[in-house]
There are 2 protein chains.
Amino acid sequence: MDETDELLSIRAAELYYEENKTQDEIGQALRLTRWKVGRLLAQAKQQGFIRIEILHPRARRLPIERRLREERGLEDAIVVSSAGVSSPDELQARTAQAAADYLTALRPVPRTLGVSWGRTLFEISQHLRNGWATGVNVVQINGGVSLNRRAGTAAATAVAIAQKGGGSATLLPSPAILEHLATKEAIESDRVVAGVIELARSADAYLFSAGPADHTSVHIESGYLTEADVDLLVQKGAVGDVVGRYIDSEGNIVDPALDARTVGLTLDDVRDGRLRIAVIAGRSKHAVADAVVRSGLCSVLVTDEATALHLLDG
Amino acid sequence: MDETDELLSIRAAELYYEENKTQDEIGQALRLTRWKVGRLLAQAKQQGFIRIEILHPRARRLPIERRLREERGLEDAIVVSSAGVSSPDELQARTAQAAADYLTALRPVPRTLGVSWGRTLFEISQHLRNGWATGVNVVQINGGVSLNRRAGTAAATAVAIAQKGGGSATLLPSPAILEHLATKEAIESDRVVAGVIELARSADAYLFSAGPADHTSVHIESGYLTEADVDLLVQKGAVGDVVGRYIDSEGNIVDPALDARTVGLTLDDVRDGRLRIAVIAGRSKHAVADAVVRSGLCSVLVTDEATALHLLDG
DNA sequence: CCGCCGCCTGCTCATATGAGCAGACTTGCA
DNA sequence: TGCAAGTCTGCTCATATGAGCAGGCGGCGG
């Protein structure tokens with residue numbers, strides 16, 4: 001396109017989009033036929049001079065969702081728009097809302113839903129509406145009895161999701177990570193615990209997030225790991241955790257010994273699930289989101305625009 | 001609009017603008033009639049959920065131009081878009097380009113064009129194309145013989161505009177501001193100088209910018225004023241200068257004694273011009289732009305989006 | 001409980017837009 | 001210079017969209 005046409009296409013776009021003129025009127029104004037005007041507008045669009053944004057907290061980016069499905073082999077993808085977002089918290093809230101919307105619209109409604117816990121899951125539980133489903137039974141898929149004062153958010157999350165969905169919650173009465181392998185084995189051999197894990201394995205769907213491998217990790221906050229532990233994991237290549245299990249950029253377990261002390265579904269258990277919904281948003285989770293998608297841990301991803309684009313770039 | 005409709009309108013907008021579906025297809029997808037879809041889209045637009053931007057250095061904001069004409073009584077206004085601008089220099093360049101475009105398209109072509117000088121005018125002269133007009137005679141409307149090494153930009157500006165327009169330049173051989181009133185009167189009584197000023201008064205059009213009243217002023221740079229002088233002017237209410245004359249927010253001369261020592265057209269001379277094109281861009285010139293427009297110094301304004309919105313807010 | 005008012009819906013019809021095509025025009029090459 | 005290929009133009013026709021209207025529905029006051 002030569003310079004003259006480029007300028008004309010801009011003039012035409014101004015008249016068309018800002019002044020609501022018809023292509024015919026624009027033609028008269030610029031001494032062009034209306035067909036020429038149509039072509040100029042098409043060129044302006046195609047060259048990216050026209051940018052259309054949907055400004056709304058609930059806005060999604062369907063073309064990016066499509067690319068995630070097609071290029072990353074996801075069954076489904078939900079990408080929330082970052083347009084007009086001013087803080088990471090806002091982005092997190094939008095993503096949680098989208099996850100809640102997705103669950104609500106999900107058909108067939110899962111009878112048993114396996115959930116992890118953490119900040120993201122808690123926020124999703126808050127965004128769900130009463131009656132989002134009728135009779136959904138929720139089961140925890142990884143240990144979450146907290147060791148300190150923030151106790152109970154793991155349980156509260158599962159209970160809230162179940163309650164608002166008109167069902168009941170089955171909690172996994174165990175810490176996430178134990179200090180000794182023997183303790184972990186003892187706990188898992190407990191009838192109740194083993195039963196919960198068995199139930200979790202049979203869930204119709206899993207809903208989980210992923211944590212970044214850094215000092216903001218909820219495992220540090222909850223007292224399961226120290227900052228030094230996490231630093232060490234990072235040195236070994238960890239990019240984040242899923243259901244309490246730390247993975248590298250390929251989705252492989254970084255520290256098998258640590259993993260053996262972690263209670264709940266294994267990553268392979270998760271991969272065996274039919275519907276595996278991961279909800280991952282925010283700059284700090286780009287790397288782990290990538291690992292989760294690449295290694296097939298999720299079949300459905302709910303995320304934000306920037307994270308999605310990161311996945312598609314790589 | 002209730003919450004449900006709001007959400008639907010966002011879904012519809014996504015499908016319409018991002019996926020290029022027809023309203024009919026959207027209707028099928030969302031189980032609505034196509035008329036409902038059309039109404040939802042109209043609502044989304046009207047509520048401002050849809051934002052259409054034209055991303056191009058030459059893009060203008062016609063609705064803002066219209067408002068400037070209607071609400072500020074300008075004969076014409078050119079507002080360049082700030083979309084995607086990263087530095088003040090870029091904004092300045094866009095505005096200068098727009099001014100050059102405006103001059104080039106101007107009909108009838110002025111036979112005599114009075115110009116001021118400064119960074120903005122210089123940049124406009126650089127953006128003009130060879131042959132932008134045929135036989136335009138350019139006359140300086142205020143003194144500009146420089147006192148220091150930056151000498152000659154005033155003259156170079158006028159000459160470049162004239163040369164590229166296939167005409168010749170008439171320079172005003174005088175400093176902008178003189179130290180003593182007597183000197184100024186002596187200079188103005190010189191036959192040549194008086195003749196140039198007389199010619200300037202009869203110009204078909206004036207093209208000028210305005211300077212901010214701060215330490216970046218080109219008058220300080222050129223040595224006509226000291227920083228202390230400008231500080232004093234600011235104390236007296238100066239918001240900037242036009243053709244070397246400092247005005248307050250009402251467009252009145254701030255310091256009559258200083259004004260009397262300034263060579264060139266008076267502000268009233270400028271106001272007597274038929275076509276008075278002011279080119280003013282940048283955050284630091286908001287106040288002076290306001291004064292220029294309010295006091296009728298210009299009949300045509302070329303500016304940037306942010307400055308224009310500032311003028312309309314007040 | 002009934003009737004009136006106003007909003008919302010889905011229509012008809014007019015208009016605006018996009019697809020595709022035939023001819024004119026330019027451009028590159030022998 | 002002359003030819004062939006590709007590009008651009010302005011058309012016809014099909015489709016998508018918007019304006020405006022009649023009927024239906026729900027809400028409110030009597």
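Just so it is clear: chains get the letters A, B, ... in the order the sequence lines come, proteins before strands, and each one is counted from 1. As the structure is a prediction and not an experimental result, all values here were calculated from the model.
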Can you give me the bend angle of the helix from dC1(C)-dG30(D) to dA30(C)-dT1(D)? Use the axis through the first five pairs and the one through the last five, nearest 10 degrees. 30°

Looking at residues 2-10 of chain B, who's got a heavy atom less than 4.0 Å off DNA chain D? none

Kindly write out the residues that satisfy salt bridge (charged side-chain N to carboxylate O under 4.0 Å, His left out) with Arg61(A), not counting sequence neighbours, or none if the list is empty. Glu305(A), Glu18(B)

Sorted by chain and residue number, the side-chain contact (heavy atoms from CB on, under 4.5 Å) partners of Arg66(A) (sequence neighbours excluded) come out as Arg69(A), Glu70(A), Glu19(B)

Sequence neighbours excluded, which residues qualify as side-chain contact (heavy atoms from CB on, under 4.5 Å) partners of Ala83(B)? Glu53(B), Leu55(B), Ser81(B)

Sub-4.0 Å heavy-atom contacts from residues 27-41 of chain A onto DNA chain D, ordered by number: Thr33(A), Trp35(A), Lys36(A), Arg39(A)

Any protein N or O atoms within reach of nucleotides 22-27 of chain C? Criterion: under 3.5 Å, listing atom names and distances.
none

Going by side-chain contact (heavy atoms from CB on, under 4.5 Å), name the residues that satisfy it together with Ala308(A), two or more places apart in sequence or in a different chain. Ile64(A), Leu68(A), Val79(A), Thr303(A)

Shoot me the first and last contacting nucleotide of DNA chain D against chain A, ordered 5' to 3', at under 4.0 angstrom to non-hydrogen atoms. dT9(D) to dT12(D)

Please determine whether a side-chain nitrogen of the Lys or Arg among Glu75(B) and Arg274(B) lies less than 4.0 Å from a carboxylate oxygen of the Asp or Glu. no

Using a strict 4.0 Å threshold on nitrogen-to-oxygen distance, state whether Arg94(A) and Glu90(A) make a salt bridge. yes

Applying side-chain contact (heavy atoms from CB on, under 4.5 Å) to Arg60(A) and not counting sequence neighbours gives Leu62(A), Glu65(A), Ile78(A), Arg11(B), Glu14(B)

Does a donor on one side chain sit under 3.5 Å from an acceptor on the other, for Ser168(A) and Asn137(A)? yes

Checking Arg283(B) now: which residues fulfil salt bridge (charged side-chain N to carboxylate O under 4.0 Å, His left out) with it, not counting sequence neighbours? none

Enumerate the salt bridge (charged side-chain N to carboxylate O under 4.0 Å, His left out) contacts for residues 24-46 of chain B, please, sequence neighbours excluded, ordered by first and then second residue. Asp5(B)-Lys36(B)

